[in-house]
> 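Dropping a structure here in structure tokens format, bear with me for questions.
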Amino acid sequence: MGPIRSARQISLSGFLHSDRPRLRALTLFVASLTFVTLPAHAVNCTTQGSLQPADRQALLTTGNTLANAVSTQNFDLLQSSLLPSVVGEWEGIHSVALAAKPLVQGGTLAWGEAYLLDATDLSAPSDSQFFCTNPDSTATITINLRSLPPGKYALMIGDYPGAPFSGQLALILGADPTAGGKWKLGGIFVREGTLEGHDGVWYWSHARELAGKKAMWSAWYTYDIARWLLLPIDFLSSPHLEKLNREQTQTGSNPADALPLTVPGVGGKTWRITGLHIDTALHHEDLALLYEGSGITDPVAARAEAVAVMSAFLKQHPELRDNFHGLWAYAQKDGRQSFAIELAMHDIP
């Protein structure tokens, strides 16, 4: 596995609606840390261009070892490499690493970015904001961490050219003071880098085309797909992200504003759709809807109901058929998911 390459020019964050029906391993996991944009504290960031040789080599050594453990599914090594503070999160980390297999195997890891995040001056866990600027650039990337304990951390981001879906990997590392400052694993993130053979830049351009054609809902969700594919993490912001977000907002047609949405069925039946978002669980450019189901327990009848909801929804928004691979339907009853199905658009009546 090669050295850290020059930083990517696009760093993106912020994604998806909070009403996703489930948190999948392919989405993200980061041990006990959560991420939001919050005020800065006594922390600092060193970008890869300013890393000292010893720090660079230590990060590469640990990053390569852990990335190889992910690709070879060496779970014993991953578990033994955990920071003490996240040992209790092993089940979640294991599920992410397991789901990474089809995204990274067959490719060659190329590290794209690395950030050394120094929070040793914190006196207690604090909401922290790191401002990261490369020596040869005026663009600043911001990393936002909530309830960050005092210590030294690192973020490494890479991808796997040649792998199915051009998988992306990000690692959160922490220096373990109980092991002489050795780098340990704090979190793993994995996502696709391509869908249907296209990367995030292509989807960004395609979103603009759809907006120009006034296919506004399709444009909105295509911007979401672009954001999803450009980085495997959601806690970075940058001028490029701000540009994408502005473009998306300027379409003036956030589908979430139309929710809840009532769609008519046969015989006067109606269904209430409460959520809409993209869904890459099957590595396709799919959409997903959440609807209030009737609580049917018979799987045949539950499938028929879901298909009827999908069909009624697409009759209201036919443009989506031509611009996405398929549609998920998640039935919810009394706050719990009762049924889920995915169909290609051409299989939905």
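Treat the numbers as computed from the prediction; the structure is a model and nothing was measured.
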> What residues, two or more places apart in sequence or in another chain, satisfy salt bridge (charged side-chain N to carboxylate O under 4.0 Å, His left out) together with K184?
D176
> I'd like to know if the side chain of T65 and the backbone of T61 have a donor-acceptor N/O pair within less than 3.5 Å.
yes
> Tell me, with the steps shown, if E192 and H283 meet side-chain hydrogen bond (donor to acceptor under 3.5 Å, both in side chains).
CA-CA 7 Å; E192 305 91 347; H283 314 310; 2.8 Å; yes
> If you take all heavy atoms of L83 and G174, which pair is closest and at what distance?
CD2-O, 3.4 Å
> Given side chains that start at C-beta, do those of L98 and S95 come closer than 4.5 Å, heavy atoms only?
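The answer is no; the side chains never approach within 4.5 Å.
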> side-chain hydrogen bond (donor to acceptor under 3.5 Å, both in side chains) between Q248 and D224: does it pass, once the steps are laid out?
CA-CA 9 Å; Q248 186 179 34; D224 278 351; 3.0 Å; yes
> What verdict does the side-chain hydrogen bond (donor to acceptor under 3.5 Å, both in side chains) test give for T120 and D118, after you've listed the backbone C-alpha separation in whole Å, the side-chain angles of each residue and the deciding distance to 0.1 Å?
CA-CA 6 Å; T120 54; D118 190 346; 2.6 Å; yes
> With a 4.5 Å heavy-atom cut-off, do Y291 and V263 have their side chains touching?
no
> Give a yes or no on this: more than 12 heavy atoms of other residues, nucleotides or ligands lie within 6.0 Å of atom CZ of R321.
yes
> Go through the steps to decide whether W111 and Q48 satisfy the test side-chain hydrogen bond (donor to acceptor under 3.5 Å, both in side chains), and finish with yes or no.
CA-CA 11 Å; W111 291 115; Q48 60 192 31; over 6 Å; no
> Using the rule that Ile, Leu, Val, Met, Phe, Trp and Tyr join whenever any side-chain heavy atoms are under 4.5 Å apart, tell me whether L210 and I225 fall into a single cluster.
no
> Starting from the C-alpha separation in whole Å, work towards a yes-or-no answer on side chain to side chain contact (heavy atoms under 4.5 Å, CB included) for L82 and W90.
CA-CA 8 Å; L82 294 178; W90 168 242; 3.9 Å; yes
> Between the main-chain N or O of G167 and the side-chain N or O of D159, is there a donor-acceptor pair closer than 3.5 Å?
no
> Nearest 0.5 Å, what's the CG-CG distance between L320 and D322?
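Output value for this atom pair is 9.0 Å.
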> Does the side chain of R227 come within less than 4.5 Å of L241's, by heavy atoms?
yes
> Which pair of heavy atoms, one from P232 and one from F189, lies closest together, and at what distance?
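In this case the closest contact between P232 and F189 is O-CB, 3.5 Å.
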> Once salt bridge (Lys or Arg N to Asp or Glu O under 4.0 Å) is applied, what residue pairs with a partner in residues 246-255 remain, sequence neighbours excluded?
R208-E247
> Please report, to 0.1 Å, the donor-acceptor pairs under 3.5 Å made by any side chain of residues 307-319, with sequence neighbours excluded.
from	atom 1	to	atom 2	distance (Å)
S311	OG	K315	NZ	2.8
S311	OG	P349	O	2.6
Q316	NE2	T262	O	3.4
E319	OE1	S218	N	2.9
E319	OE1	S218	OG	2.6

> Is any side-chain heavy atom of T133 less than 4.5 Å from a side-chain heavy atom of T47?
no
> If we only count heavy atoms from C-beta on, is the S166 to Y160 side-chain gap below 4.5 Å?
no
> Please, which pairs that meet salt bridge (Lys or Arg N to Asp or Glu O under 4.0 Å) have at least one residue in residues 286-302, sequence neighbours excluded?
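Sorted pair list: R272-E292.
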> State the NE2-NE2 distance between H346 and H325, to the nearest 0.5 angstrom.
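Those atoms lie 6.0 Å apart.
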> Where do L343 and D347 come nearest, in terms of heavy atoms and distance?
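Taking every non-hydrogen atom into account, CD1-O, 4.3 Å.
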> Going by heavy atoms in the side chains, are R191 and L229 under 4.5 Å from each other?
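No - every pair of side-chain heavy atoms lies 4.5 Å or more apart.
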> Would you check, one step at a time, whether the test side chain to side chain contact (heavy atoms under 4.5 Å, CB included) holds for L116 with Y153?
CA-CA 6 Å; L116 186 61; Y153 302 91; over 6 Å; no
> Restricting to ring pair (Phe, Tyr, Trp, His ring centres under 6.0 Å), what partner residues turn up for F324, sequence neighbours left out?
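Applying ring pair (Phe, Tyr, Trp, His ring centres under 6.0 Å) to F324 gives none.
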> Just to verify, what does S294 make a side-chain contact (heavy atoms from CB on, under 4.5 Å) with, not counting sequence neighbours?
I296, E305
> Please check if any side-chain donor atom of Q129 sits under 3.5 Å from a side-chain acceptor atom of N144, or the reverse.
yes
> Taking the six-membered ring for Trp, are F235 and F130 closer than 6.0 Å centroid to centroid?
no
> To the nearest 0.5 Å, tell me how far L78 CG sits from N68 CG.
9.5 Å
> Measure across P299 and F339 and return the closest heavy-atom pair with its distance rounded to 0.1 Å.
O-CE1, 4.1 Å
> Working to the nearest 0.5 Å, report the span between CH2 of W217 and CH2 of W220.
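Taking CH2 in W217 and CH2 in W220, the distance rounds to 11.5 Å.
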> Might you point out which heavy atoms bring A175 and G181 nearest each other, and give the distance in Å?
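Heavy atoms only, the tightest pair is CB-O, 3.6 Å.
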> Between L230 and V201, is there a side-chain heavy-atom distance shorter than 4.5 Å?
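They are in side-chain contact.
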> Is there a side-chain contact between L59 and W183 (heavy atoms, below 4.5 Å)?
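Side-chain contact under 4.5 Å: yes.
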> Can you name the nearest heavy-atom pair linking P150 to S123, along with the distance?
CG-C, 4.1 Å
> Say you draw a straight line from CG of L231 to OG of S238; how long is it, rounded to the nearest 0.5 Å?
8.0 Å
> If two hydrophobic side chains count as joined below 4.5 Å and joins carry through other members, does L259 share a cluster with M216?
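Different clusters.
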> Report the relative orientation of the aromatic rings in H206 and Y203; use parallel for angles under 30°, tilted for 30 to 60°, perpendicular for over 60°.
perpendicular
> So L66 and S81, side chain to side chain contact (heavy atoms under 4.5 Å, CB included) or not? Walk me through it.
CA-CA 8 Å; L66 294 173; S81 301; 3.7 Å; yes
> Assess whether side chain to side chain contact (heavy atoms under 4.5 Å, CB included) is satisfied between L155 and I143, documenting all intermediate values.
CA-CA 10 Å; L155 170 64; I143 301 173; 4.1 Å; yes
> Nearest 0.5 Å, please: how far is OG1 in T280 from CH2 in W228?
4.5 Å
> Taking the side chain from Q73 and the backbone from A97, do they hold a donor-acceptor pair closer than 3.5 Å?
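Yes.
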